[in-house]
2 protein chains.
Amino acid sequence: MPGTACKNCPLRKRNLFTPFTDEELAFMHSFKTGELNVDPGTTILMEGSNSPQLYTVLEGMGTRYKTLENGKRQVINFLFPGDFTGLQAGIMGEMQHSVEATTPMTLCAFRRNDLWQLFRQHPERAYDLTWIAAVEEHFLGETIASLGQRDATQRIAWALVRIYERLKAAGLGKDGDVPLPFRQQDLADALGLSLVHTNKTLKALRSMGLAHWNDGSLQLKKIKSLADLAMIDLERPQQRPLM
Amino acid sequence: MPGTACKNCPLRKRNLFTPFTDEELAFMHSFKTGELNVDPGTTILMEGSNSPQLYTVLEGMGTRYKTLENGKRQVINFLFPGDFTGLQAGIMGEMQHSVEATTPMTLCAFRRNDLWQLFRQHPERAYDLTWIAAVEEHFLGETIASLGQRDATQRIAWALVRIYERLKAAGLGKDGDVPLPFRQQDLADALGLSLVHTNKTLKALRSMGLAHWNDGSLQLKKIKSLADLAMIDLERPQQRPLM
DNA sequence: TCAGGCGCATTTAACTGTGACATATCACCA
DNA sequence: TGGTGATATGTCACAGTTAAATGCGCCTGA
């Protein structure tokens, strides 16, 4: 039982997450195989490989991405504390994307082979897992709508709002600030924009006073206006399970 | 128990789907509340509404889409026989997208409130459900990569290949043909392209002899070349659960 | 039986948002 | 001190958009 015991998990204290009973915590802990600490730039899961583990992010941030044959990269989603990843490989067998650490990260690892046990013995956790998958599916659908129908300014506004909401909900940052240690290139690859145009659009949002992203810190002073620009509704933070 | 009994379901006979035991079929049937027959153009599920049902497509085709505030429409995915939909609403509460019938459709309806029973009493079905969610998540990730990183020609080639594979796997069409009763506008809205450019690109693929889509029928004579153009690998059909 | 209308595919022409390329600046580090 | 990675900015070309018009098949109603 290396690393933190689940019942002492600092993340779990945040009321973003649905509380677990001691019995539930004990089970999750038995499901856990260890903690993984990685340096920035480390590839945690590799497209095409067959990972034996599933992960919950305890600390740090990363990207989930696909690389195309022509070398282009599509960032599918960012990984923040509390996020769960690896279910696809856990269920389908082979990773369809890679996961890379952007900052130093700590991940809680679970045995993929225990997944079926979880479904048999703990239907509540199985339900949680499906809940997580459904929420991710919803988010990916919104991403598709952004790439397909929004112009560059709206796309960036959309991404910044959603990122801000997620990081705030995870309890990161203070006041109107939130840490965002990615490169502009990462955001560009997430939105299907060129680096140059991403840079210019960020400048425009800055000069409009809507979004300031400097030195790894994102500041949204007028998130409502930014959301209007992106043509989206703000999402109220919703309690969710932490695996 | 209106409509077809699950054990007589004609879809289930196709060996695309994992076989169920009689006991399993009986349970699925008990979970079923009825069949839904709709005309083309009918909205089956509405964005923002709170559907009490989940559906498996028995017959016909449709689209799953989001409408943006500016009136633009993003088709997130097409619905084909054997597809399951409504899990998002079933789990998250509110529909985040709409579902519309393109052709006459027959759907098998399940009670959303029974979902939790399914998790408790039939972990195998719960696992299947999560499997379906994971596959959908994978597909949406590939869609994001297409919208973000491929040009118009590659996007259309990608879409046609994937659609062809899915329809073939479902046992539709004969030889190199497959029925595809959508409008060019639907494909355009799925790929984030204008109708005009979609039309031009389809014409180009036609004159290259790679794809012929006329009168609701899609013919791919050189699917391998089309896949190369799209920079994707062909997917071997994989057995999957039918809910 | 024919006229009118509607949905969809097709085509042409003009415009534009975004990409590609080039270059500069700054911080950091070996 | 030079090298590397990131942000920043200007210029120009083009893939794809927008607008507008035509044709064709099919339905409906007189």
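Every chain is numbered from 1, with letters handed out A, B, ... down the list of sequences. Computed from a prediction, not measured in an experiment: that's the story for all the values here.
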Axial cation check for A:F84 ring with A:R240, 6.0 Å and 45° limits = no

Any side-chain N or O of B:Q184 under 4.0 Å from OP1/OP2 of C:dC8?
-> no

Distance, rounded to the nearest Å, where B:N214 contributes CG and C:dT10 contributes P | 7 Å

Residue B:L193, side-chain heavy atoms: nucleotide from D:dT7, D:dG10, D:dT17 that is nearest | D:dT17

Would you please confirm or rule out a distance under 4.0 Å between OP1 or OP2 of C:dT10 and any side-chain N or O of B:K203?
-> no

From CZ of A:F182 across to C1' of D:dT7 the rounded distance in Å is 18 Å

d(CH2, B:W213; P, C:dA9) in whole Å = 7 Å

Give a yes/no on whether any side-chain N or O of A:R206 is located under 4.0 angstrom from OP1 or OP2 of D:dA8.
-> yes

Rounding to a whole Å, what distance do you find between B:D151:CG and D:dA13:P?
-> 21 Å

Assess A:R166 against A:F139: is NZ or CZ under 6.0 Å from the centre of the six-membered ring, and within 45 degrees of the ring's axis?
-> yes

Separation of D:dA15 atom P from B:Q154 atom CD, nearest Å, is 13 Å

Rounded off to whole Å, could you give me the NE2-to-P distance for the B:H212 and C:dA9 pair?
-> 17 Å

Value in whole Å for how far the P atom of D:dC12 lies from NE2 of A:H197 = 18 Å

Is the charged tip of A:R12 near the ring of A:F17: under 6.0 Å from the six-membered ring centre and within 45° of its axis?
-> no

Which part of the nucleic acid, if any, lies within contact of B:G216, taking any heavy atom under 4.0 Å across all strands shown: a base, the sugar-phosphate backbone alone, or nothing?
-> nothing

Under 4.0 Å: is that the gap between some side-chain N or O of A:N199 and OP1 or OP2 of D:dT7?
-> no

With respect to the phosphate group of D:dT7, does any side-chain polar atom (N or O) of A:Q185 fall under 4.0 Å of OP1 or OP2?
-> no

A:E59 atom CD, neighbour heavy-atom count above 12 within 6.0 Å = no

Most 5' of A:V196 and A:R155 on DNA chain C, judged by nearest nucleotide = A:R155

For A:R183 and D:dG5, give me the distance from atom CZ to atom C1', rounded to whole Å.
-> 9 Å

Polar side chain donor-acceptor pair, B:T106 to B:E35, under 3.5 angstrom | no

